[in-house]
Peer 1: 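Have a look at this one before I ask anything.
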Amino acid sequence: MLAVLVFRLSQGGDSASFFLTIRELAKPLATVYLALFGQPEFALVLAAGMMLACVALLGGFWAGQVRRTLDTLKTITGSAMLIMGEPNDRRVGSMKRLMESSPLLIDEWRMFESTLLDAGQGAQRRAYSTIRPQEYFSMEAMESRGLDFRFYVALPNYFVGVGLMFTFLGLVAGLYFASKGLQMGDLAQARQALGQLLAASTMKFVSSVVGIGASLVTSMVVRHWQRKVQAALDDLCRAIELCFPLISAHRLMGDWTQDGAAAAVSAPRPPLSPAPQPDIAGQAP
């Protein structure tokens, strides 16, 4: 269609021929459009299609992304709780092997591992976290790994928009049929046309109702899944903090201050030199 319009414009046709071309090209589309929306059953088919689309999108998101993420987080959290029973000097190695076994958490673990503080010697050696794990193991990190909640959070708006669009398309078709019936001049046919308009309008609003219903269901389900994933992330971060206790910057500065003061006290000091004596010989009697 676009190619035909460009060709007609390149031939230098006037505006009347241009709009005539548009009418000729749009006539088959308008015929199909009016034929579809003139059938009351089309609204029911459309509503059923929207409901199936809602179920298919939510089911695919749950089976393909949400359940896999939840299973991984719960498995890693359970194994991390077992690491708490190991000696302190072995926890970093065990947690590293556990995290690097999951492609979902390997990058976040490597960034978090670089912030660990190694303190103590021998059996007293222990790793402390200087930054809370929530800074790395977050919902944003899960979304960057494929858990695309952003599209599904916006999905309810799409259902409402699609439902309203088909409702107004149906109303336009109903008004067209009603005006065509009123132009016939027969009162009985005019009443029949108005009755068909009201019946068609009632059926067309079904798409809006289904769109709003699908929007509410999608919104509630997606919010519930978001809370479940966030709760699983909180459990994982809690297990990590139990293995690697958080040490604050104030405590670090306090330890460094105490170490510096102890080093200053224990450092050998040079002997005190005798104070200079005043020269009494040069003084006047």
Peer 1: Can you see which heavy atom on Leu104 is nearest to which on Arg145, and at what distance?
Peer 2: CD1-CB, 3.6 Å
Peer 1: Minimum heavy-atom separation for Ala127 and Val92, please, with both atom names.
Peer 2: CB-CG2, 3.5 Å
Peer 1: State, with a plain yes or no, whether a side-chain heavy atom of Tyr136 is found less than 4.5 Å away from one of Leu105.
Peer 2: no
Peer 1: Starting at CE of Met142, measure out to CG of Leu70 and round the result to the nearest 0.5 Å.
Peer 2: 11.0 Å
Peer 1: Just how far is it from atom CH2 of Trp62 to atom OH of Tyr152, taken to the nearest 0.5 Å?
Peer 2: 13.5 Å
Peer 1: Please name the pair of heavy atoms, one in Glu108 and one in Ala141, separated by the smallest distance, quoted to 0.1 Å.
Peer 2: OE2-CB, 3.5 Å
Peer 1: Is there a continuous path of hydrophobic side-chain contacts, each under 4.5 Å between heavy atoms, that joins Phe137 to Ile131?
Peer 2: yes
Peer 1: Mind checking whether Met111 and Met99 sit in one hydrophobic cluster, side chains of I, L, V, M, F, W, Y counted as touching below 4.5 Å?
Peer 2: yes
Peer 1: Between Met84 and Trp109, is there a shared hydrophobic cluster once you connect ILVMFWY residues whose side-chain heavy atoms come closer than 4.5 Å?
Peer 2: no
Peer 1: May I have the list of side-chain donor-acceptor pairs in residues 229-247 shorter than 3.5 Å, sequence neighbours left out?
Peer 2:
residue	atom	partner	partner atom	Å
Gln230	NE2	Asp234	OD1	3.2
Asp235	OD1	Arg238	NH1	2.8
Glu241	OE1	Arg132	NH2	3.3
Glu241	OE2	Arg132	NE	2.8
Glu241	OE2	Arg132	NH2	3.2

Peer 1: Identify the heavy atoms of Leu164 and Ser208 that sit nearest to each other, and give their distance.
Peer 2: CD2-OG, 3.7 Å
Peer 1: Do Glu100 and Arg110 come close enough that some side-chain heavy atom pair is under 4.5 Å?
Peer 2: yes
Peer 1: Can you tell me if Phe168 has over 12 outside heavy atoms packed within less than 6.0 Å of its CZ?
Peer 2: no
Peer 1: Going by heavy atoms in the side chains, are Leu155 and Val222 under 4.5 Å from each other?
Peer 2: no
Peer 1: Under a 4.5 Å cut-off applied to non-hydrogen side-chain atoms, are Val153 and Gln226 in contact?
Peer 2: yes
Peer 1: Between the main-chain N or O of Thr115 and the side-chain N or O of Thr130, is there a donor-acceptor pair closer than 3.5 Å?
Peer 2: yes
Peer 1: Return the minimal non-hydrogen interatomic distance between Arg126 and Arg91, and the atom names on each side.
Peer 2: NH2-NH1, 3.5 Å
Peer 1: Can you tell me how far CZ of Phe112 sits from NZ of Lys96, rounded to the nearest 0.5 angstrom?
Peer 2: 14.0 Å
Peer 1: In the single-linkage hydrophobic clustering (I, L, V, M, F, W, Y; side-chain heavy atoms under 4.5 Å), do Met81 and Leu98 co-cluster?
Peer 2: no
Peer 1: Out of curiosity, Ser215 OG to Met220 CE, how far, rounded to the nearest 0.5 Å?
Peer 2: 9.5 Å
Peer 1: Quick one: does any side-chain atom of Ser79 pair with a main-chain N or O of Ile76 as donor and acceptor, under 3.5 Å?
Peer 2: no
Peer 1: With clusters defined by side-chain heavy atoms of hydrophobic residues (ILVMFWY) lying less than 4.5 Å apart, directly or transitively, does Val209 cluster with Met165?
Peer 2: no
Peer 1: For Val210 and Phe166, what are the C-alpha separation, side-chain angles and deciding distance, and is it a side-chain contact (heavy atoms from CB on, under 4.5 Å)?
Peer 2: CA-CA 11 Å; Val210 173; Phe166 280 109; over 6 Å; no
Peer 1: Nearest 0.5 Å please: distance from the CZ atom of Arg97 over to the CD1 atom of Ile83.
Peer 2: 8.0 Å
Peer 1: Using the six-membered ring wherever Trp is involved, compare the ring planes of Phe149 and Phe61 and label them parallel, tilted or perpendicular (cut-offs 30° and 60°).
Peer 2: perpendicular
Peer 1: Evaluate side-chain contact (heavy atoms from CB on, under 4.5 Å) for Thr69 paired with Trp225, printing each intermediate quantity in order.
Peer 2: CA-CA 11 Å; Thr69 302; Trp225 290 345; over 6 Å; no
Peer 1: Taking all atoms of both residues into account, what is the closest heavy-atom pair of Asp148 and Gln65, and its distance?
Peer 2: N-OE1, 3.1 Å
